[in-house]
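In what follows, a structure is listed as structure tokens, so that the remarks can point back to it.
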Amino acid sequence: SAAHTVRDEALAAEIAKELEPYAGRVVAIGRGAAYAGSVSRYLGLLGAIAGDLDGAAVNLAEDIALNERAGALPWLARSRRDLASMRVCL
């Protein structure tokens, strides 16, 4: 998201609030023609920017579990990298 890219804490918190009801769901483009990961991944990234590192870790772990169940290996690798990067920056 733009908030993650520019590291805008207030915008990240605002977007996360809007996305929260969709945690655990996947982002499909069109009629499922493309998969863009899960909302939980984006909540994790936004939470890290907003300073909620515990919540971010929970969301990223949920995203990792979802990708494992779905067999979405590229997204699984990306999510594991996101979680590891967040932990390194602590």
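FYI, the numbering just counts along the sequence from 1.
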- Task: Measure the spacing between CZ of Arg87 and CG of Leu53 and express it to the nearest 0.5 Å.
- Result: 11.0 Å

- Note on the structure: Those residues at least two apart in sequence (or on a different chain) that pass salt bridge (Lys or Arg N to Asp or Glu O under 4.0 Å) with Asp52 are none

- Message: Can you list everything that forms a side chain to side chain contact (heavy atoms under 4.5 Å, CB included) with Tyr35? Sequence neighbours excluded, please.
- Response: Val26, Leu66, Asn67, Ala72, Trp75

- Message: So, taking the atom named CZ in Arg78 and the one named OG in Ser85, what distance separates them when rounded to the nearest 0.5 Å?
- Response: 12.0 Å

- Message: Enumerate the salt bridge (charged side-chain N to carboxylate O under 4.0 Å, His left out) contacts for residues 39-49, please, sequence neighbours excluded, ordered by first and then second residue.
- Response: Arg41-Asp82

- Give a yes or no answer on whether the side chain of Ser40 reaches the backbone of Gly24 with a donor-acceptor pair at less than 3.5 Å. yes

- Got a sec, which residues hit side chain to side chain contact (heavy atoms under 4.5 Å, CB included) with Leu73, two or more places apart in sequence or on another chain? Leu76

- Heavy-atom nearest pair, Leu83 first then Ala57, reads CD1-CA, 4.1 Å

- Query: Can you name the side chain to side chain contact (heavy atoms under 4.5 Å, CB included) partners of Val58, sequence neighbours left out?
  - Reply: none

- Message: For a 4.5 angstrom cut-off between non-hydrogen side-chain atoms, does Asp63 reach Tyr42?
- Response: no

- Any donor-acceptor N/O pair, Asn59 side chain to Gly55 backbone, under 3.5 Å: yes

- By salt bridge (Lys or Arg N to Asp or Glu O under 4.0 Å), which residues pair with Glu14, not counting sequence neighbours? none

- Item | Nearest non-hydrogen partners of Ile29 and Ala36, listed with the distance | CD1-CB, 4.2 Å

- What are the two closest heavy atoms between Ala12 and Leu46, and how far apart are they? CB-O, 3.6 Å

- Gly44 versus Ala56, closest heavy-atom pair with distance: O-CB, 3.2 Å

- Scanning both residues in full, the closest heavy-atom pair of Ile49 with Glu9 reads O-CG, 3.1 Å

